Engineer: 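What follows is a single structure, and I will ask about it in a moment.
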Amino acid sequence: SSPVPSRLFGEIRSPGYPKPYPNNNISTWDIRVPKGYVVKLTFRYFDLEPSESCFYDYVKIKADKKNLGRYCGQLGSTTGNHPGRKEFVSKGNRMHLAFHSDFSNDDNGTVIPYRGFLAYYQAVDLDECDPNNAAEEDERPQCQHFCHNYVGGYFCSCRTGYQLQSDHHSCKVECSSELYTEASGYLSSPEYPQPYPEDLQCNYSIRLPKGLSIVLSFLEPFEIDDHQQVYCPYDQLKIQARGRTIGEFCGKKSPDSIETNSNEVDILFLTDESGFSRGWKIHYTSEKIKCPQPVPRDQFTIIRDLQPVYEFQDYFIASCKTGYKLMEGNQTLLSFTAVCQADGTWHQSMPHCEIVNCGNPADLTNGAFSYTNKPADNTYQSVITYRCNEPYYHIVTGAGGDRFTCSPEGTWMDGNGQVKIPACLPVCGKPVNPVISVQR
Amino acid sequence: ILGGKSAGRGNFPWQALTTIHGRGGGALLGDRWILTAAHIIIPKGQGENEVGLDQLAEDANVFLGHTSVEELHKMGNHPVRRIFIHPDYNPEDEYNFNGDIALLELKYPVTLGPTVLPICLPDTSNTTFYEDGHIGYVSGFGVEKNFLSNDLKYVSLPAVAREKCQSWLDSKRGDIPIVFSENMFCAGFLTVKQDTCQGDSGSVFTVLDTQSGRWVATGIVSWGIGCAEGYGFYTKVLNYLDWIKGIVRED
């Protein structure tokens, strides 16, 4: 009895082969190939004394605790059981050969020199993933999801959302840090629409660029374990935006669409140790975050090209009606633009418009001015008239005359749009009390 | 002013009283110019080099706005910024008053009113003011009855034809090489004791332009032989309009 060293191939010879084998011989061989392989044996040459049921001389082959046959005889003999070109394949990585010869090999007094056998064996890769190849029931690969064979071995893998455990065979749902960064997409509970596993602590995070608002739409079916009296005591689907919970759901009625107004949303799915609900599926989309519709603060403010909706990065320009000026607090603005920010607010608050004030009109040397309409009114469209201290001075105006109006630009202008005020020039040769001769 | 009358307030609102080298007169032009005679600023026989015009401007006193010398002084003087003497005036030529015209620029414009008003300048096309017999009025603070007057006086005098002026002058000058140029005219009477005199120099001879209704300065009291002994001689303003306007407008 000799163990055959673990090799990928080899040959087994009957004792003394190719010389006739001795009588009264029992020889055994334990063929072993490396794990991950099976033994394939074929007889290159087989010449044993034939007998009924191979009673006298035989080769017995055994593998996987099963007999693979008992063989004797010669090629073409009517008695015996010649193996021919048969391939003997084990299920495991071992095969046992036993050779037995009785006390003689004569036939009607003639000694026939039976030569014995020459067998070749080789190691053949075992496809561990094929369940039919398992030597025993408990030796079948235990890959929970996927089995991948390779020469000399195999490995397991898991479905999407599952993680191979340390035993390299079992798969567990991995949903604790799922990240979504596309503008839209779908997410669902594990195995959806099949019932979700127990003991889940799933966290789905949607992270989009600033300025986008995530909208969640629930698809059918929607099924999460619930309770009649107590709200979501078993399993919960929580929606969080910017760390703040905006919804917690369970039951069979799918929630309405949720506009989160946030570019960051976390969906937590917690399940207990039991349940048979089909779970949920969410279609998320994104849209630019919206800003409040700009509303003028007074009747003099104009918003140019008012849009029905303002979104992130949109802007509006505000101006005033003629004769009014833009103000922010006490400060005059030359122009105003507000941009819709990523957080849905305007980067500047709406200004207001105040009527233009030209200030006090310039004093006229040796003259004065008077208000045509309302006294001391220096606002837009107010009118003043300059005059000189007559009869000592006379007024000299530009082509625009002596009436000045408070213009939209905040300056007093004459009829021709000129700002230069008139001048009072001396009147010569007109004494108030000229010399008069009475007596002639 | 000899043989004249006291002026009422506002009769001659352009009348200025000057004190530069003694008493003189002047007339307000616009609201910041005084028309006067050059010789009251640089008297004959006193060259410009002795005292500069800047210093003269500093020292000059000009009064406006009243008929009383005392009241004028109380009202305060009007400082002079600059003095402009006509280039034809030659202080060395004792008997030649050609170019006897000057302008004083006041530092600050005056505020016009019933007692302070400017005189007008004549229209270049109008020479009738100088025709023989055309009446004008002269006012001044000059000598009256041997004393400087404390109040403004005025007298009405006719302009005289050039020939008469020349003829009279020739009869009076003797050896004195006194000049009667075309830039002068004479006015007054040969026998009536009405004339201008010392202290009136620089005051203006004015006529009423009936067309415009304005009083116009046609002459500046310049020189004479004695006072009220014949005609008085005046700088002919009409001939100096370009010079006046050139200075006044440029400023």
Side-chain angles (χ1 to χ4, degrees), chain A residues 358-372 375-376 378 383-404 411-440, chain B residues 1 4-15 27-33 35 64-65 67 106 108-123 129 135-139 152-156 204 206-218 237 244 248-249:
Chain A
C358 292
N360 288 326
D363 287 328
L364 178 60
T365 305
N366 297 315
F369 60 85
S370 58
Y371 292 90
T372 302
N378 295 326
V383 179
I384 59 163
T385 304
Y386 280 104
R387 55 175 173 75
C388 292
N389 295 337
E390 293 172 346
Y392 316 116
Y393 297 89
H394 72 280
I395 195 165
V396 175
T397 68
D402 57 5
R403 283 164 65 95
F404 281 67
T411 55
W412 292 99
M413 287 186 179
D414 66 11
N416 279 5
Q418 300 301 311
V419 298
K420 193 162 183 253
I421 67 170
C424 291
L425 296 186
V427 173
C428 68
K430 287 271 192 180
V432 173
N433 183 22
V435 60
I436 298 172
S437 298
V438 178
Q439 61 182 359
R440 301 190 182 182
Chain B
I1 302 291
K5 297 174 186 175
S6 292
R9 295 205 69 196
N11 285 164
F12 303 95
W14 47 80
Q15 180 70 47
L28 181 67
L29 284 180
D31 60 358
R32 67 194 74 192
W33 295 94
L35 180 67
L64 291 162
T67 54
L106 301 179
Y108 312 109
V110 298
T111 301
L112 305 181
T115 57
V116 181
L117 281 176
I119 189 68
C120 299
L121 291 173
D123 193 320
F129 300 140
I135 295 293
Y137 287 78
V138 187
S139 55
L152 183 65
K153 296 288 197 286
Y154 73 95
V155 68
S156 171
V204 289
T206 61
V207 298
L208 175 63
D209 182 347
T210 51
Q211 275 193 330
S212 64
R214 295 176 187 267
W215 290 84
V216 173
T218 57
V237 173
I244 295 169
V248 170
R249 282 185 184 164

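Below, read A as the first sequence line, B as the second, and so on, with proteins coming before strands; counting in each chain starts at 1. Here the structure is a predicted model, which means the values were calculated and not measured. Keep in mind that the numbers below use all heavy atoms, side chains included, and drop hydrogens, waters and symmetry copies.
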Engineer: Is it the side chain or the backbone of B:Val204 that comes within 4.5 Å of chain A heavy atoms, both, or neither?
Structural biologist: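 For B:Val204, no heavy atom lies under 4.5 Å from chain A.
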Engineer: Shortest non-hydrogen contact from B:Leu117 to A:Tyr392?
Structural biologist: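 Scanning both residues, the minimum pair turns out to be CD2-CD2, 3.4 Å.
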Engineer: With a cut-off of 6.0 Å (strictly less than), are more than 12 heavy atoms of other residues, nucleotides or ligands near CZ of A:Arg403?
Structural biologist: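 No, because the 6.0 Å sphere around CZ of A:Arg403 holds 12 heavy atoms or fewer from other groups.
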Engineer: Relative to chain A, which of B:Ser212, B:Pro13, B:Pro114 shows the most heavy atom pairs under 4.5 Å?
Structural biologist: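 Answer, by heavy-atom pair count under 4.5 Å with chain A: B:Pro114.
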Engineer: For chain A, which of B:Gly213, B:Ala217, B:Gly8 has the most heavy-atom pairs under 4.5 Å?
Structural biologist: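 When all of B:Gly213, B:Ala217, B:Gly8 are compared, B:Gly213 has the most.
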Engineer: Can you tell me how far apart CG (A:Asn366) and CG (B:Asp31) are? Round to the nearest 0.5 Å.
Structural biologist: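 Rounded to the nearest 0.5 Å, the CG-CG separation comes out at 7.0 Å.
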Engineer: Please give me the minimum heavy-atom distance between A:Pro426 and B:Gly30, naming the atom from each residue.
Structural biologist: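 Nearest heavy atoms, A:Pro426 then B:Gly30: CG-C, 3.5 Å.
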Engineer: Do the side chain of B:Asn11 and the main chain of A:Asn433 share a donor and acceptor less than 3.5 angstrom apart?
Structural biologist: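 Answer holds: yes.
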Engineer: Any side-chain heavy atom of A:Cys428 sitting closer than 4.5 Å to one from B:Trp215?
Structural biologist: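 Side-chain contact under 4.5 Å: no.
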Engineer: Locate the shortest heavy-atom distance separating B:Val110 from A:Tyr393; write the atom from each residue and the value.
Structural biologist: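 Result for this residue pair: O-OH, 3.4 Å.
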